[in-house]
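Since the structure comes first, as structure tokens, the remarks are kept for the end.
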Amino acid sequence: MTVGGRIVRQNLKGKVYFAHIEDGTGRLQLFVRIDNVGEQTYEMIRRQIDLGDFVQAGGTMMRTRRGEVSVMVDEFVLLAKALSPLPVIKERVLEDGTLERYGAFSDVEERYRQRYADLAVNPDVREVFRKRARVVRALRDFLDAEGYLEVETPILQPIYGGAAARPFVTHHNQLHQDLYLRISFELYLKRLLVGMYDAVYEIGRDFRNEGVSFKHNPEFTQLEFYEAYTDYHGMMDITERMIAYVAEQVHGSTQISYQGHTIELAPPWRRVTLREVIREHTGIDYMQHRDAPSLLQAMQAAGIQAAPKDTWGKLVDTLLGEVEPTLIQPTFILDYPRDISPFAKMVPGDDFHVERFELFIGGMELGNAFTELNDPLDQEARFLELQKLYRADDEEANPLDEDYLRAMRYGMPPCGGCGVGVDRLTMLMTDKSSIREVLLFPHLRERR
RNA sequence: GGGCGUGUAGCUCAAUUGGCAGAGCAGUGGCCUUUUAAGCCAUUGGUUGGGGGUUCGAUUCCCUCCACGCUCACCA
């Protein structure tokens, strides 16, 4: 038989040589005897072979005296040379079966900057990204089975929109046109509902020119899905089934462990209004404080810090921020104030709230959804209102997207839409507390 | 951007009140025909993140810059 792989451990003795080689399928020991390969090959091994080299060996299966299945080698070839040594990690299986590790490649910065080395020597890191692939596949399988159509919409957009975030700007030389890297897919996907697709989704990269943190990266992977003839209640149903399905596919169970918490993802999930959850947690009922100065006063009285110049909507958001870390079990927070939700339909009979929910698991926001606003006149009014709210130089202001309004004027079916952060979902499924642990090449400042 | 913390050999880490910068692994040379954290002998390897200051003397104290981590702000 012939085997190949990378040398991850070796033990050169006078006339015998042991090496463990590893490839994507696992590890195997090679047992080389000078009698079997000849003096010339043995001398080549002695002089040239290092940890990290890729080699190929031919021989027969055997078992060493210590009982390890190995290949008794009669042919040994160097396939590719490692010039720089990889960090060496040694490990030992203790009597009770636990693995003791000696040394490691654990410096976080170096692991991210040289992810190839991190992956090469840390199998558990490789496993994280296998799980990530399973998460994405599970999302696709689920939505495909639900009758959704996967689509791809522009990343380079002449007008950005669909979220409140600062964009990255680029330029098309020949067209003499500034273009923006998308901050969301929302407005393009909803155009497709106008175009008579009943249900569409896209998994792709969004770009936001904002701060970096344990849960923010300038580019991140988003899933957005939109379905006609449903509303945010329908989106809650499908979202909780979808994430439970992902957990089943990745873990074989809807129960997961995250940062020391046991989280049950089987539906149904808790559903509570924003007003109620804030009142429950902070004692403040924002409906009793309907303007910014009054709400600010109530918050200060409760010892919650807020910027005096914040809008009322921003203050409500700050209150939600107080609640967020406590939302460990999956929770839908529903019915948000209208003025922080420009693409959501009003709650019938309530001139204050819109049909919107955000989804929290493990103390993190994982998703955001609405009953989509499908009235072009209302949408235009919201755009104009927003423009007044933001100063002209504020990049977070959504530019008025006239083409989107044109699409809506042809008639948009009633629909629900939801966005889910795929990186954060992966963090949840891999028990990682930093988004950088689930991004192969996270953004780092340039080293000077 | 603010606060706190970290930065020493390729990797993981030491270094007493400010007193010659060290270990294990990896590497190099040697011994060893069943090793598996192999072992034994020898050995290379450092602008202690960069720059400046205090001092007879700085990894250690001070200033500054850089990077990273945590955190706050920001992120509908």
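Naming convention: chains lettered A, B, ... in sequence-line order (proteins, then strands); numbering from 1 in each chain.
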Is [N] paired to anything, Watson-Crick or G-U wobble with both distances less than 3.5 Å, and if yes, which nucleotide?
| N | answer |
| --- | --- |
| C75(B) | none |
| C70(B) | G3(B) |
| U55(B) | none |
| U43(B) | G27(B) |
| A9(B) | none |

Does Arg445(A) make a side-chain N or O approach to OP1 or OP2 of C68(B) shorter than 4.0 Å?
->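 Affirmative; the distance criterion is met.
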Is the distance from OP1 or OP2 of U12(B) to the nearest side-chain N or O of Ser106(A) less than 4.0 Å?
->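 For U12(B), OP1 or OP2 has a side-chain N or O of Ser106(A) closer than 4.0 Å.
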Does a sphere of radius 6.0 Å around [atom1] in [X] hold more than 12 heavy atoms from other residues, nucleotides or ligands, not counting ones at 6.0 Å or beyond?
| X | atom1 | value |
| --- | --- | --- |
| Lys81(A) | NZ | yes |
| Glu75(A) | CD | no |
| Glu43(A) | CD | yes |

[atom1] of [X] versus [atom2] of [N]: gap in Å, rounded?
| X | N | atom1 | atom2 | result |
| --- | --- | --- | --- | --- |
| Phe207(A) | C75(B) | CZ | C1' | 17 Å |
| Glu437(A) | C70(B) | CD | C1' | 14 Å |
| Arg27(A) | A37(B) | CZ | P | 12 Å |
| Leu30(A) | U34(B) | CG | P | 17 Å |
| Leu187(A) | A76(B) | CG | C1' | 14 Å |
| Arg113(A) | A67(B) | CZ | P | 9 Å |
| Lys432(A) | G69(B) | NZ | P | 15 Å |
| Arg46(A) | G30(B) | CZ | C1' | 9 Å |

Can you tell me if Tyr226(A) and Glu224(A) form a side-chain donor-acceptor pair at under 3.5 Å?
->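 Yes, side-chain donor-acceptor contact under 3.5 Å.
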Please check if any side-chain donor atom of Tyr42(A) sits under 3.5 Å from a side-chain acceptor atom of Asn36(A), or the reverse.
-> no
Per [X] side chain, nearest of listed nucleotides [options]:
| X | options | answer |
| --- | --- | --- |
| Ala164(A) | C70(B), A76(B), A26(B) | A76(B) |
| Glu109(A) | A76(B), A26(B), C68(B) | C68(B) |
| Arg65(A) | U34(B), C70(B), A76(B) | U34(B) |

When the [atom1] atoms of [N] and [M] are considered, how many whole Å apart are they?
| N | M | atom1 | answer |
| --- | --- | --- | --- |
| G22(B) | G46(B) | P | 13 Å |
| C40(B) | U35(B) | P | 15 Å |
| U6(B) | C13(B) | C1' | 14 Å |
| G1(B) | A38(B) | P | 46 Å |

With the criterion being N/O to N/O and under 3.5 Å, what pairs connect the protein with nucleotides 38-40 of chain B, and how long is each?
from	atom 1	to	atom 2	distance (Å)
A38(B)	OP1	Lys90(A)	NZ	2.4
A38(B)	OP2	Arg9(A)	NE	2.7
A38(B)	N7	Asn11(A)	OD1	2.5
A38(B)	N7	Asn11(A)	ND2	3.2
A38(B)	N1	Lys13(A)	NZ	3.3

Sidechain-backbone polar pair: Asp178(A) side chain, Val169(A) backbone, donor-acceptor under 3.5 Å |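 Not at all, since once roles are kept as given, no pair shorter than 3.5 Å links the two residues.
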Output yes when a side-chain donor or acceptor of Arg191(A) lies under 3.5 Å from a complementary backbone atom of Ala407(A), and no otherwise.
->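 Answer holds: no.
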Is it the case that [N] (base atoms only) and [X] (side chain only) share a donor and an acceptor within less than 3.5 Å, ignoring hydrogens and angles?
| X | N | answer |
| --- | --- | --- |
| Glu68(A) | U34(B) | no |
| Asp107(A) | U12(B) | no |
| Ser70(A) | U34(B) | no |

Across the strands shown, which category fits [X] at heavy-atom distances under 4.0 angstrom: base, sugar-phosphate, nothing?
| X | answer |
| --- | --- |
| Leu86(A) | nothing |
| Arg47(A) | sugar-phosphate |
| Ser341(A) | nothing |

Compute both the distance and the angle, then confirm whether Arg356(A) meets the cation-pi test with Phe370(A): under 6.0 Å from the six-membered ring centre, within 45 degrees of the axis.
->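 Relative to the ring axis of Phe370(A), which defines the angle, Arg356(A) lies outside at least one limit.
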Verify the ring-centre separation between Tyr201(A) and Phe225(A): is it less than 6.0 angstrom?
-> no
